[in-house]
Amino acid sequence: MASVVTSSELGTTDGGPGTSLTPAQKATLDLIRLPNEERITHASNLAAQIELELERETIDFVDRLDEPLWISKRQLHAVNSCEALYEAQEEQSFEWRIPMTRGQIFHKCVELSIHLPLGRTASELVDEAVTSIMGRGDGLAEFLLSLGDVERAEIRSEVAGLLQTFFDTFPPLRSAWHPTTELPRKVLLHQGKIVLQGRFDLTLGRPEELTAGRVLIELKTGRSVPHHLDDLRFYALLETLVVGVPPALLASFYVDAGRVQVEHVDEDLLRSAIRRTAESIERLVELRLGQAQAHKRPSGACKWCPVAESCGPGQAWLEETGNGRVW
Ligand code: SF4
């Protein structure tokens with residue numbers, strides 16, 4: 001068995017033996033496959049260099065931390081958008097809402113579709129996913145159990161629709177592509193005073209020694225927003241630090257539209273991710289220690305922000321854009 005996704009594995013026009021592809025599946029495959037000649041071979045000390053650089057950039061303020069600072073893509077996005085909203089959300093206890101369940105169930109369906117024998121319909125997979133989630137006893141399970149039959153049926157129907165679109169527009173996942181779901185990555189900086197972490201929705205392929213080969217794919221059940229690129233670049237950094245070789249490609253797959261956006265990974269991309277991550281860590285430390293005032297940066301988030309009523313810039317933005325008016 002070949003050890004990486006190559007153009008001969010992922011790059012065939014029919015998606016593999018016995019598989020015929022829809023035009024949309026072929027378009028997706030053409031974008032996420034990487035010809036062998038485009039795969040980059042990286043230096044063996046790349047991960048060590050990046051770790052050194054990140055630690056050097058954060059050494060001045062890490063000593064101020066009395067407990068570990070956990071950083072995920074959410075925190076990085078928060079300090080690069082409205083910090084006041086982030087602080088307000090940190091103070092609120094987390095509550096599941098119906099729209100959030102869609103993505104969770106959808107991801108579970110994709111996971112099951114890889115690991116269960118072929119042949120299940122989208123609706124059958126959704127049923128298996130909902131049953132599995134409801135049996136695990138966590139917050140999402142409790143939330144689903146608290147819903148009525150009609151609400152649960154509506155969620156099932158919505159996710160089945162999304163999953164069918166996924167099956168119609170994403171090439172069938174072959175085991176030769178080494179697919180994984182929910183692949184966790186964790187990096188400890190400064191002996192664990194700073195912890196960087198992430199979990200990749202879907203990966204295909206894998207590196208071969210120092211040659212990049214893995215494709216990191218985020219499955220998006222909502223619309224495209226610019227920070228999705230930054231999220232993936234942070235994941236490229238995590239992958240490099242943990243595995244020692246960067247991913248070959250980053251991809252956001254928008255399930256509603258059945259379309260993928262891809263970005264090739266090179267050292268310039270990693271460098272910009274290091275910069276953003278180091279600057280964001282500094283800002284998070286300042287906010288955590290109360291050494292900085294949270295910036296208010298109005299945006300579409302003001303429409304649902306829990307502190308919008310008492311936020312001057314947020315109210316001004318809502319007035320200006322017409323979102324604060326009744327009609
Ligand atoms: S209303 Fe807008 S600007 Fe104000 S805190 Fe909320 S998101 Fe930020």
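Each ligand, and each atom within it, is numbered from 1 in the order the structure gives. What you see is a predicted model; the values in this text were computed from it and never measured.
- With hydrogens left out, the protein atom closest to atom 6 (Fe) of ligand 1 is C305 SG, 2.4 Å, a heavy atom.
- Within ligand 1, the atoms closer than 4.0 Å to a non-hydrogen atom of A84 are 5 (S), numbered from 1 in the order shown.
- Shown are I40, L250, L269, L249; of these, the side chain to side chain contact (heavy atoms under 4.5 Å, CB included) with H264 is made only by L249.
- For atom 8 (Fe) of ligand 1, the set of nearby N, O or S atoms under 2.8 Å includes one belonging to C82.
- Side-chain atoms of Y86 and H295 form no donor-acceptor pair, as typed in the model, at a separation below 3.5 Å.
- Not a single heavy atom of P313 lies less than 4.0 angstrom from ligand 1.
- If you check the side chains of H107 and T181, you find no donor sitting under 3.5 Å from an acceptor.
- Between the side chains of E208 and T211, not a single donor N or O lies within less than 3.5 Å of an accepting N or O.
- With salt bridges taken as basic N to acidic carboxylate O contacts below 4.0 Å, none links R271 and D268.
- Short contacts between ligand 1 and A308, defined as distances under 4.0 Å to a heavy atom of the residue, involve ligand atoms 1 (S).
- Crowding of R223 atom CZ: a count of heavy atoms from other residues, nucleotides or ligands under 6.0 Å not exceeding 12.
- Near C311, the atoms of ligand 1 lying under 4.0 angstrom from a non-hydrogen atom of the residue are 1 (S), 3 (S), 4 (Fe), 5 (S).
- Taking atom 2 (Fe) of ligand 1 as the reference point, the nearest protein heavy-atom neighbour is C302 SG, 2.3 Å.
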